[in-house]
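Just below is one structure, and these are the notes that go with it.
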Protein chains: 2
Amino acid sequence: MSDHTEPSASAIAAWSRLMRVSRQLHEAVEGDLKAAGLPPLEWYDVLHELATAEEGRLRPYQLVDRMLLAQYNVSRLLQRMQDKGLVDRLPDDADGRGHWVAITQSGRAMRRAMWAVYGPAIARLVDGRMDEAGQRQIHALLTRLGQRG
Amino acid sequence: MSDHTEPSASAIAAWSRLMRVSRQLHEAVEGDLKAAGLPPLEWYDVLHELATAEEGRLRPYQLVDRMLLAQYNVSRLLQRMQDKGLVDRLPDDADGRGHWVAITQSGRAMRRAMWAVYGPAIARLVDGRMDEAGQRQIHALLTRLGQRG
DNA sequence: GCCTTCTCGATGCAACTGCATATATGGAGA
DNA sequence: TCTCCATATATGCAGTTGCATCGAGAAGGC
């Protein structure tokens with residue numbers, strides 16, 4: 001589709017829009033959470049992954065894979081969340097190198113509290129601006145962009 | 001389009017895909033730049049804004065507006081870039097509170113060097129994965145999402 | 001068993017960010 | 001002019017990130 005060196009004008013336009021809009025929307029949600037005295041979005045992602053995982057627990061490396069976060073970043077994020085009592089670390093009897101990270105009751109409550117802000121934000125920013133057909137279209141197009149190949 | 005509280009399933013799907021793919025692509029480009037020993041993407045944005053501005057210069061607050069960055073962040077980013085000789089600060093005779101930030105020759109060279117990596121990355125990640133029709137479509141849809149309203 | 005290599009996770013240090021606030025000038029109005 | 005508020009930019013401090021590396025256990029070959 002190109003000489004693989006100089007991007008097309010339409011690719012540059014799509015790229016810039018993607019970078020700008022995604023950051024803008026991300027910050028809008030972060031702002032809502034902060035205004036409600038809640039922790040950042042990535043805490044929600046962790047809690048969500050854990051809550052929907054088998055037995056409410058995952059190994060840290062699984063979180064690294066699912067969240068596209070650096071390993072050291074996950075390590076410290078979990079430490080902070082544990083300090084707040086939202087997750088627990090439990091030994092993994094089958095693998096002495098690591099441990100399980102399990103969501104606590106307090107963590108489940110925090111997930112609900114965050115969703116009470118996050119959900120309406122998505123409703124406002126996405127449902128409020130685009131009908132379902134557009135949403136499906138953008139989902140499909142972004143999926144193509146995310147495909148490595 | 002909704003009760004403005006609970007987002008639709010398609011909105012959640014579009015949202016997650018947007019957050020995930022934009023971050024993934026951003027990191028891919030940052031990785032390319034880092035591998036080439038070049039500074040981060042936002043340095044390119046500053047250099048681009050300055051290079052295309054009247055007389056190659058802008059006031060810091062104009063960069064804040066165009067780049068959706070926090071004021072204190074721009075202040076320090078410019079300091080770092082000045083330390084590397086990529087921009088200069090010049091007094092603004094008409095407004096003693098601030099100053100002009102001007103791109104240097106070295107800054108223009110850095111912009112070219114970064115584009116030599118950035119451009120091909122966009123070509124690979126966008127042109128390589130989607131034809132022009134798709135690119136235009138995603139641009140249009142994202143523009144709608146970015147519209148406050 | 002023993003060695004080598006790989007995987008999992010944590011951490012010291014430097015760089016960067018966010019928040020609150022400081023400094024200085026501009027501008028409007030009494 | 002003097003006062004008061006707004007705008008432009010910088011900065012101290014605490015919290016977070018990135019990078020490199022470390023230590024410990026797992027896994028495979030011999």
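Chain letters run A, B, ... following the sequence lines, proteins first and then strands; every chain starts at 1.
DNA chain D is contacted by both A:G96 and A:R76; A:R76 maps to the nucleotide lying nearer its 5′ end (nearest heavy atom per residue). Both A:D93 and B:W100 lie close to DNA chain D; mapped to their nearest nucleotides by heavy-atom distance, the more 5′-ward contact belongs to B:W100.
Computed from coordinates, the A:R23 CZ to C:dT17 P distance equals 11 Å when rounded to whole Å. Between the P atom of D:dA24 and the CG atom of A:D92 lies a distance of 19 Å, rounded to the nearest Å. Across the protein-nucleic acid pair, B:Y61 atom OH and C:dG26 atom C1' stand 12 Å apart, rounded to whole Å. Rounded to an integer number of Å, the gap from CG of B:D83 to C1' of D:dA10 is 14 Å. Spacing between atom CD of B:Q71 and atom P of C:dT21 amounts to 15 Å, rounded to whole angstrom units. Rounded to whole Å, atom P of D:dA8 lies 13 Å from atom CG of B:L63. Distance, A:H99 NE2 to D:dA24 P: 15 Å, rounded to whole Å. Regarding B:L33, its CG atom lies at a distance of 12 Å from the P atom of D:dC19, rounded to whole Å.
Residue B:E30 is classed as having no contact, given no heavy-atom separation below 4.0 Å to the nucleic acid. Among the heavy atoms of the strands lying under 4.0 Å from A:R80 are primed sugar atoms or P, OP1, OP2 only; no base atom is included.
Aromatic ring orientation, A:Y118 versus A:W115: perpendicular (interplanar angle above 60°, classes split at 30° and 60°).
A close approach under 4.0 Å does not occur between any side-chain nitrogen or oxygen of A:Y72 and OP1 or OP2 of C:dA10. Remark: B:N73 is in phosphate contact with C:dG18, judged by side-chain N or O atoms under 4.0 Å from OP1 or OP2. A close approach under 4.0 Å does not occur between any side-chain nitrogen or oxygen of A:R89 and OP1 or OP2 of C:dC8. One finds a side-chain N or O of B:R59 lying less than 4.0 angstrom from the OP1 or OP2 phosphate oxygen of D:dT9. Dashed line: the shortest gap from a side-chain N or O of B:K34 to OP1 or OP2 of D:dG18 is not under 4.0 Å.
Side chains of B:R89 and B:Q79: a donor on one and an acceptor on the other come within 3.5 Å. Between the side chains of B:Q62 and B:W100, no donor-acceptor pair is found at a separation under 3.5 Å.
Evaluation of atom-type donor-acceptor distances gives no pair under 3.5 Å for the side chain of B:R97 against the base of D:dT9.
Between the side chain of A:S75 and the backbone N or O of A:Q71 there is no donor-acceptor pair closer than 3.5 Å.
Contact detail for A:H99 and A:L90: the closest heavy-atom pair is CB-O, 3.1 Å.
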